[in-house]
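Here, residue 1 is the first one in the sequence, and each next residue gets the next number.
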Amino acid sequence: MHLCFTMTNSSQASLVPQSPLDHVFPTLTNSHLERMARLGQKRVVRRDDVLVTEGQRQAPFFVVQTGELRIVRPAGGSGESPVATLRPGQFTGELNMFSNHRALMQIRASEDGEVIELDHAHVQSLVQGDAELGDILMRAFILRRVELVAQGLGDVVVVGSEHCAATLRMRDFLTRNGHPHAYIDLDRQAGAQELLDRFSVTIDEVPVLICRGQLALRNPSNRQITECLGLNDPLDTAKVRDLVIVGAGPAGLAAAVYGASEGLDVLVLESSAPGGQAGASSKIENYLGFPMGVSGQELTSLAYTQAQKFGADVQVASGGTRLVCADRKYAVEMASGERVLARAIIVATGAEYRKLSLPNLSKFEGAGIYYAATPMEAHVCADREVAIVGGGNSAGQAAVFLAQTCPRVHVLVRSQGLTLTMSRYLIRRIEDNPSIVVHPYTEIVALEGNNELECVTWRDNQTGQTEVHRIGHIFLMTGATPNTRWLDGCVRLDANGFVKTGPSLTPEELTSAAWPLARPPYLLETSRPRVFAVGDVRGGNVKRVASAVGEGSIAVALVHQALKD
């Protein structure tokens with residue numbers, strides 16, 4: 001098996017995957033081929049026949065019976081770079097087999113031969129219905145996407161600076177959507193100006209996203225990136241879905257997996273990228289079944305894939321902006337003005353970290369102020385002193401993670417310490433790490449800098465003493481503000497803005513909401529029938545990933561009950 005990638009100097013080097021090649025490019029048995037042939041059709045191919053073009057939507061799936069296929073990556077005027085050669089018993093495809101996303105590579109026959117061709121629907125049917133083949137295909141698809149991401153072998157190039165908030169946003173969006181991309185750092189890499197000149201881009205217009213080698217987008221929004229790359233399937237707004245889930249954090253993704261796997265027509269609307277706050281966690285160690293821990297990105301990206309495997313339609317950069325509940329027919333309105341219709345709704349929009357009440361905070365967001373501690377942020381602040389504001393598990397995980405590459409990590413908490421808000425295992429690690437310093441009764445009172453954060457002032461609220469530190473990287477992980485503004489008064493909220501559900505709704509609240517049914521609301525049901533709330537957006541939620549996943553799965557069982565009413 002030949003697998004390689006093209007380096008920037010056009011030379012070639014061996015690619016050694018993180019998993020054995022027989023998992024990335026397995027060879028199927030004759031029995032496997034016979035089962036596939038029943039679902040697909042045989043096709044004779046000639047040398048140099050192009051089976052899949054780069055950028056093609058709904059690219060077919062091929063299994064080689066005889067001959068040879070070659071996967072190549074077009075390289076503009078410089079020709080192409082070989083990626084893999086497939087021989088008898090091996091197959092094409094990766095995770096875009098479960099979506100309408102464009103193909104990232106070109107596939108053509110390098111010898112005369114015969115292949116079995118399947119469309120997306122039959123691949124999905126095979127994965128769901130044939131346990132053995134399903135495992136082989138899913139493992140290969142996931143590992144191939146992992147390698148594409150790791151090597152930056154995609155149809156996107158981001159040109160920007162690590163000190164630019166928009167650059168970090170764009171790269172974070174692509175990473176959390178699992179879309180492979182190359183990154184060119186203007187501050188460090190030679191040849192960047194030549195690339196900008198080729199697309200007539202001035203330095204004032206960066207960051208730039210070069211899409212499929214054809215179009216240069218100047219500081220595009222997430223929505224513009226989505227449209228250029230074709231990350232969303234076309235949306236049929238006339239169709240009434242069984243279930244619309246708003247939010248693709250752990251709770252929303254769990255609901256999507258259980259809903260789609262049980263035969264519901266499920267649409268998930270996500271305002272940014274799948275994962276929510278959990279997706280930005282460097283490591284989750286108290287989630288059942290992962291004794292060595294798992295990164296939030298890995299956990300939620302696998303959940304995203306799982307939801308697509310069962311047929312859920314996930315729309316990214318397409319969150320709900322308004323819940324329309326004027327009558328018994330529900331609709332979710334999006335920023336585009338389009339509305340999607342639903343028999344049932346699950347609100348899973350989560351919560352966001354509270355922002356500090358400092359007048360110039362927004363100036364430094366993404367340029368010294370961060371709300372996540374992923375490898376991307378860790379790379380930006382490597383070998384520098386940092387501060388984390390917050391005393392919960394997210395802050396603790398961030399502190400332990402950043403201390404691996406930062407010489408000093410300050411943890412600022414307004415209370416007396418960490419014991420009431422953080423898991424004991426994290427507290428022990430913080431106490432045993434000489435690079436981490438906890439400052440109780442402390443809060444930030446001033447930020448200073450020009451284009452980037454340069455120094456911070458914090459105050460000890462017991463003594464009133466202030467200190468100025470030349471720290472240019474602050475991670476804010478303080479409390480939670482629920483994302484409920486879009487609900488537009490449709491459901492009852494508690495005093496802190498979280499959605500009230502089930503037993504927490506009083507008879508008076510149900511009466512004022514004109515609850516129309518003889519039965520009371522189900523456990524996770526809101527003051528509107530068939531509208532449920534799960535995860536961090538729900539009043540009384542337990543702030544754990546496992547709890548969010550549990551609520552998402554329970555909500556689907558209740559949706560089935562509510563749809564029968």
Side-chain angles (χ1 to χ4, degrees), residues 95-96 98-101 124 173 176-179 222-223 226 230-237 239-279 296-297 299-324 330-336 338-350 483 486-487 499 524 530-538 545 548-549 551-560 563:
L95 287 181
N96 60 12
F98 302 122
S99 67
N100 195 33
H101 296 179
Q124 195 161 58
F173 179 75
R176 293 180 67 171
N177 276 292
H179 196 91
N222 290 348
R223 183 67 183 174
T226 299
L231 297 183
N232 289 335
D233 292 344
L235 195 59
D236 182 358
T237 56
K239 184 179 183 181
V240 181
R241 307 280 183 151
D242 292 329
L243 175 62
V244 170
I245 302 166
V246 187
L253 290 173
V257 168
Y258 282 93
S261 66
E262 293 170 12
L264 294 177
D265 182 359
V266 176
L267 171 66
V268 183
L269 301 177
E270 167 56 44
S271 60
S272 180
Q277 283 189 3
Q297 171 67 25
L299 181 66
T300 54
S301 65
L302 289 173
Y304 178 31
T305 298
Q306 196 172 11
Q308 289 184 308
K309 165 188 171 180
F310 287 117
D313 181 0
V314 183
Q315 299 273 319
V316 299
S318 299
T321 57
R322 180 172 168 245
L323 177 59
V324 182
Y330 296 128
V332 177
E333 189 173 291
M334 298 180 292
S336 63
E338 294 178 302
R339 292 184 177 184
V340 291
L341 308 173
R343 300 173 65 204
I345 304 278
I346 290 182
V347 178
T349 42
N483 292 317
W486 69 279
L487 294 173
V499 181
L524 300 173
R530 296 174 286 114
V531 178
F532 297 81
V534 295
D536 288 349
V537 77
R538 189 182 67 82
V545 175
V549 170
E551 288 188 13
S553 61
I554 292 169
V556 170
L558 299 177
V559 165
H560 284 293
L563 291 178

What is the distance from atom [atom1] of [X] to atom [atom2] of [Y], rounded to the nearest 0.5 Å?
| X | Y | atom1 | atom2 | value |
| --- | --- | --- | --- | --- |
| Arg241 | Arg343 | CZ | CZ | 13.5 Å |
| Phe173 | Asn222 | CZ | CG | 4.5 Å |
| Trp486 | Glu333 | CH2 | CD | 11.5 Å |
| Lys239 | Leu341 | NZ | CG | 11.5 Å |

Main-chain N/O of [Y] paired with [X] side-chain donor or acceptor, under 3.5 Å:
| X | Y | value |
| --- | --- | --- |
| Thr349 | Asn483 | yes |
| Gln308 | Asp313 | no |
| Gln315 | Asn232 | no |

Test applied, side-chain contact (heavy atoms from CB on, under 4.5 Å); reference residue, Leu487; option that passes from Val537, Val499, Val246: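 Only match with Leu487 under side-chain contact (heavy atoms from CB on, under 4.5 Å): Val499.
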Check against side chain to side chain contact (heavy atoms under 4.5 Å, CB included), Asp242 and Val266: CA-CA 6 Å; Asp242 292 329; Val266 176; over 6 Å; no
Flag if over 12 foreign heavy atoms under 6.0 Å of OH, Tyr258: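 Counting neighbours around OH of Tyr258, 12 or fewer heavy atoms of other residues, nucleotides or ligands fall under 6.0 Å, so no.
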Heavy-atom closest contact (Val559 atom, Ala344 atom, distance):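 That closest heavy-atom pairing would be CG1-CB, 3.9 Å.
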Polar contact flag, side-chain donor to acceptor under 3.5 angstrom, Ser318-Arg223: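 Result is yes, a qualifying pair exists.
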